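This one's a predicted model, so the numbers in the text were calculated from it and none came from an experiment. So you know, we letter chains A, B, ... as the sequences are listed, proteins then strands, and number each from 1.
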Amino acid sequence: MDKPTAEKDWYNYWLRHKLFAADPNSAKKPYSILMPPPNVNGELHLGHAMQQSIMDALARFKRMQGFDVLLLPGVDHAGIIFESTFNKELAKKGLSKQKLGHEEWLKQAWQFKEEVYHSFHQTWDFLGISADWDKEVFTLDPPVQKAVFEEFKSFWEQDLLYKGAYIVQWCPKDGTAIEDVEMEYEQKKEKLYFVKYQISDQPTEFITVATARPETIFADVAIAVYPNHPQYKKYLGQKAINPLTGNEIPIIEDKRVQEDFGTGALKITPGHDPLDFAIGQDNNLPILHAVDKTGRMTELTEDLSGLKIEEARQLTIQKLGPAVEKVEDYTHAVPVCERCKTVIEPLISEEWFVKMQPIAQKALSKLSQINFLPKNYQKILATWMKEIHDWSISRNLWWGHRIPVWYCQTCNPTHQVGKDKDMVVALSTPEQTCQTCGQTVWVQEEAVLDTWFSSGLWPLATLGWPEKTQQLSKYFPWDFELTAPEIKYLWIARQIMIAIWFTEQIPFKNMFFHGTLRDIHGQKFSKSLGNGISPYNLVQKWDVDPTRMALFSYSAPGRDARTSQQLMDERCKNYRNFATKLKNIYRFIYELKPAEALFESDFSHDEDIEIIQHLNGLIDQVTNHLENYQLHLATESLYDFIWHKLADSYLELSKKRRTDAQPCLEYIFTTCLKLLHPFMPFTSEDLWHQVYPQAKSIIQEDWPESLKQENLPFTHKI
RNA sequence: GGAUCCGUGGCUCAGUGGUAGAGCGCUUCGUUCACAUCGAAGAAGUCGAAGGUUCAAUUCCUUCCGGAUCCACCA
């Protein structure tokens, strides 16, 4: 045999014997678990370690129950977050996107991706994750690319895609539109300026407007007041004069203007504010820009052109002069980019959108078929789907699936989109000629797709969709998916909507939301705060199985937990002691086995009956807790039984009748090893082979079943 | 502004319609042959507050206080 000599080497043994491989041809019933692909960015943190240990425990449990288990691993290319991390790396070397150029940048990006990939695999290895590595998927792999293309093409053909001038949240630093969900809000102290707009032809009449962004006044196209404004309603239909440009702008009313904020009058700047954009659309107002995509002032602002916003704001105030009626201190939530913390500029940009209404509607009808844990997430997701907004899917990045749209350079140089325009939806350069000019010069859309456009397809793309593969028919819908609650909309909702849209089926039967591990103050672990706890260090210090057990103890569904290096150490130490206890129990039972021990017993002694009954209870509890994804309860039951019932109690009693008790001791111990295997794979496997030197892997053992009451007493031979 | 979650011994967390649990920490004792990475014994909580439902509530409902998270166009 090629068995390892050290406990930690069992992982390679399992790999060599392909014990993690799923087999689509197997007659066994399938059980499929889809790994949420971590972002190829930085290292895997403690939260990942918990998440993946949970999946691994389930996979090992289901294998022992006799299922053909597929635990499918993968990694996400993570558009914006990868690109910004990589660009920071480049900056350290004095390089940048611009300096490298598109082709070279991509080449180096892929190299960087490989480095991160390598560190991911190291973490998975030392945690003992039993995934089917031959089936690993990266979201930019060619098969995924095909699936993403199919998704895009299908949406296009069904008229669910459009491209248009639209207000987007623009990050000037990343140079791309970002989604609402990628923004954070920071409380900032700013000034609120009250600016007077003179009524046209009435030099003594004014409407006063409150604004925190006077520099955008250049792009004002109207003044809106709330309906029946007592002071200002008389001006409706008249014009006001833009105090900076002198242009005449209409005065309108709109119920979306807040009665109790500022003066009840709102300057309408559709180019720089989402609400203004909406009001502008409804009133057919033009769109002007005072700020461009790099966060600098446009030509519209004349001599301020080219300045940064902050500088321009001060100069604008000077220009306004007496038009500024008063200034108040104003603290409000300013949207910033979640990743680089740059203040977001709402801007008009040409972006691609998916019409989500019909897709969400369809999903809503089947949402109840998914078993959510905790249960209330069904309602939370349903509410979101009912109020769904269109999905902005284009990103001005280089890292991602480039939008598979080609424009005829001759007939459609401005990249207009429409069924009758000179454009083609195709994965690679179209070979056809342009219908209008007969030429074949095609230019691809510059932008890439939002990361979640491919991640949303994850449950399908990983199984070869749109091909009708054997894997797809066997393992889809997935039995189990899990993730952190914070990406319930970004990822989970979209997977559900997309899968149901394309297959009429839910993507997964059980959806488990684990809590988030936080630091002792309740804050998320993050690189910038430097409050992370390295799973690698814990494993070095306390070994794998104790670390896994400590993580399970924090894994109650939906519950966030606070922890620290010290608290993790405490819990790990506890389970390290537990592992030691287990080894000592082994020594007592097997190494100090009495020569005259019985080889068979009917467990008729009162003490045997009692412990066997406890063991039966334990088997039922652990099984049920695993079936219900309550891993923290399963480990607690095991800990209690093995330490207190078995070691402290029965084992002590057995010393008085050792020869008689030996078969019972062995039966209980080996059963416990099997029950422990999902949680403590290395320790259980190692002790299993010490007990049975000739045995196969414990992975291939059957999951224990409790002995029914009517079967007791029964005879056990050792 | 809307929604959700949490508030249990010193700390971090389980749990439950019917005398409160774990780990760590703390106190006392113990190195006899599985284990001092241990064992035995113990102190410690009116289960955030107030109402309500119930024979019975820490557990269900309402309100409030405190903490957190998510969503949202407040200029």
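- Comparing B:A40 with B:G23, their P atoms sit 11 Å apart, to the nearest whole Å.
- In the model, A:Glu310 has no side-chain atom that pairs as donor or acceptor with a side-chain atom of A:Gln314 under 3.5 Å.
- Distance A:Asp254 CG to B:C74 P: 16 Å, rounded to the nearest Å.
- A donor-acceptor contact closer than 3.5 angstrom is absent between the side chains of A:Arg548 and A:Ser53.
- In this structure, CZ of A:Arg518 is placed 11 Å from C1' of B:C6, rounded to the nearest angstrom.
- Rounded to whole Å, atom C1' of B:A3 lies 9 Å from atom NZ of A:Lys379.
- For A:Phe578 and B:C38, the CZ to P distance is 13 Å, given to the nearest whole Å.
- Proximity of A:Leu673 to A:Glu685: side-chain heavy atoms (C-beta onward) are nowhere separated by under 4.5 Å.
- Between the side chain of A:Gln630 and the base of B:A14 there is no donor-acceptor pair of N/O atoms closer than 3.5 Å.
- If you take atom C1' in B:A20 and the same atom in B:U58, they sit 8 Å apart, rounded to whole Å.
- Phosphate proximity of B:A14 to A:Arg559: present, with a side-chain N or O under 4.0 Å from OP1 or OP2.
- At the heavy-atom level, A:Tyr639 lies under 4.0 Å from the strands shown only through sugar-phosphate atoms.
- Side-chain atoms of A:Lys267 and A:Thr216 include a donor-acceptor pair closer than 3.5 Å.
- As a whole-Å value, the separation of A:Tyr377 OH from B:C71 P is 12 Å.
- For A:Arg576 against B:U37, a side-chain N or O and a base N or O form a donor-acceptor pair under 3.5 Å.
- For A:Trp643, a side-chain nitrogen or oxygen approaches OP1 or OP2 of B:G39 to under 4.0 Å.
- At the phosphate of B:U69, neither OP1 nor OP2 sits under 4.0 Å from any side-chain N or O atom of A:Lys488.
- Across all strands shown, B:G51 pairs with B:C61; the Watson-Crick or G-U wobble distances both stay below 3.5 Å.
- Base-pair partner of B:C38: B:G30 (Watson-Crick or G-U wobble, both distances under 3.5 Å).
- Using a 4.0 Å heavy-atom cutoff across all strands shown, A:Arg213 reaches no nucleic acid atom at all.
- Side-chain atoms of A:Ile642 and A:Phe669, non-hydrogen and from C-beta on, never get closer than 4.5 Å to each other.
- Nearest to the side-chain atoms of A:Ala556 among the listed nucleotides B:U4, B:A14, B:U12 stands B:A14.
- When each of A:Glu652 and A:Glu636 is assigned the nucleotide of RNA chain B with its nearest heavy atom, A:Glu636 is the one assigned upstream, toward the 5' end.
- With RNA chain B read from its 5' end, the first of the two nearest nucleotides for A:Glu570 and A:Thr580 is the one closest to A:Glu570.
- In summary, the side chains of A:Asp220 and A:Tyr197 do present a donor paired with an acceptor at a separation below 3.5 Å, with no hydrogens or angles considered.
- B:C29 and B:U59: their P atoms are spaced 41 Å apart (whole Å).
- Side-chain nitrogen and oxygen atoms of A:Asn577 include at least one within less than 4.0 Å of the OP1 or OP2 phosphate oxygen of B:C38.
- If you check every strand for non-hydrogen atoms under 4.0 Å, A:Ala561 touches sugar and phosphate atoms only.
- When the side-chain nitrogen and oxygen atoms of A:Lys573 are compared with OP1 and OP2 of B:G25, one or more of them lie within a distance under 4.0 Å.
- Nucleotides B:G9 and B:U27 are separated by 15 Å at their C1' atoms, to the nearest Å.
- Within 4.0 Å of A:Asn376, counting heavy atoms only, lie sugar-phosphate atoms of the nucleic acid but no base atom.
- Among the heavy atoms of the strands lying under 4.0 Å from A:Asp648 are primed sugar atoms or P, OP1, OP2 only; no base atom is included.
- Side-chain proximity of A:Asn574 to B:U12, B:U4, B:C24: nearest is B:C24.
- Across B:G15 and B:C47, the matching C1' atoms stand 11 Å from one another, rounded to whole Å.
- When the nucleotides B:U37, B:A14, B:G67 are ranked by their closest atom to the side chain of A:Arg562, B:G67 comes out on top.
- Of the candidates B:A34, B:U37, B:G15, B:A34 carries the atom nearest the A:Lys581 side chain, counting heavy atoms from C-beta on.
- Taking the C1' atom of each, B:G17 and B:A56 are spaced 8 Å apart, rounded to whole Å.
- Within 4.0 Å of A:Ile589, counting heavy atoms only, lies no atom of the nucleic acid at all.
- For the pair A:Asp519 CG and B:C13 P, the interatomic distance rounds to 11 Å; values are reported in whole Å.
- Backbone-only engagement by A:Tyr554 is indicated by non-hydrogen atom pairs under 4.0 Å involving sugar-phosphate atoms exclusively.
- B:A3 sits 26 Å from B:U8 when the C1' atoms are compared, rounded to a whole Å.
- For B:C38, neither phosphate oxygen OP1 nor OP2 lies less than 4.0 angstrom from any side-chain nitrogen or oxygen of A:Asn584.
- Judged by a 6.0 Å distance limit and a 45° cone about the ring axis, A:Lys293 is positioned over the six-membered ring of A:Trp170.
- Residue contacts for A:Leu592: at a heavy-atom cut-off of 4.0 Å it reaches the sugar-phosphate backbone alone, with no base atom in range.
- Counted by atom type alone, A:Lys656 and A:Ser654 present zero donor-acceptor pairs between their side chains at under 3.5 Å.
- Between B:A72 and B:G66, the distance separating the two C1' atoms is 24 Å to the nearest Å.
- Across the strands present, B:U19 finds no partner; the criterion is a Watson-Crick or G-U wobble pair with both atom distances under 3.5 angstrom.
- Residue A:His632 places none of its side-chain N or O atoms closer than 4.0 Å to OP1 or OP2 of B:A22.
- For A:Asp640 and B:G21, the CG to C1' distance is 10 Å, given to the nearest whole Å.
- Contact annotation for A:Leu567: backbone-only contact, meaning every heavy-atom pair under 4.0 Å involves sugar-phosphate atoms and none involves a base.
- Across all strands shown, the partner of B:C5 is B:G67, judged by Watson-Crick or G-U wobble contacts whose two distances both fall under 3.5 Å.
- The CD1 atom of A:Ile668 sits 18 Å away from the P atom of B:A34 (whole-angstrom rounding).
- Checked by atom type, the side-chain pair A:Ser637/A:Gln621 shows a donor-acceptor distance below 3.5 Å.
- Residue-level contact check: A:Ala579 touches neither bases nor backbone, having no heavy atom under 4.0 Å from any strand.
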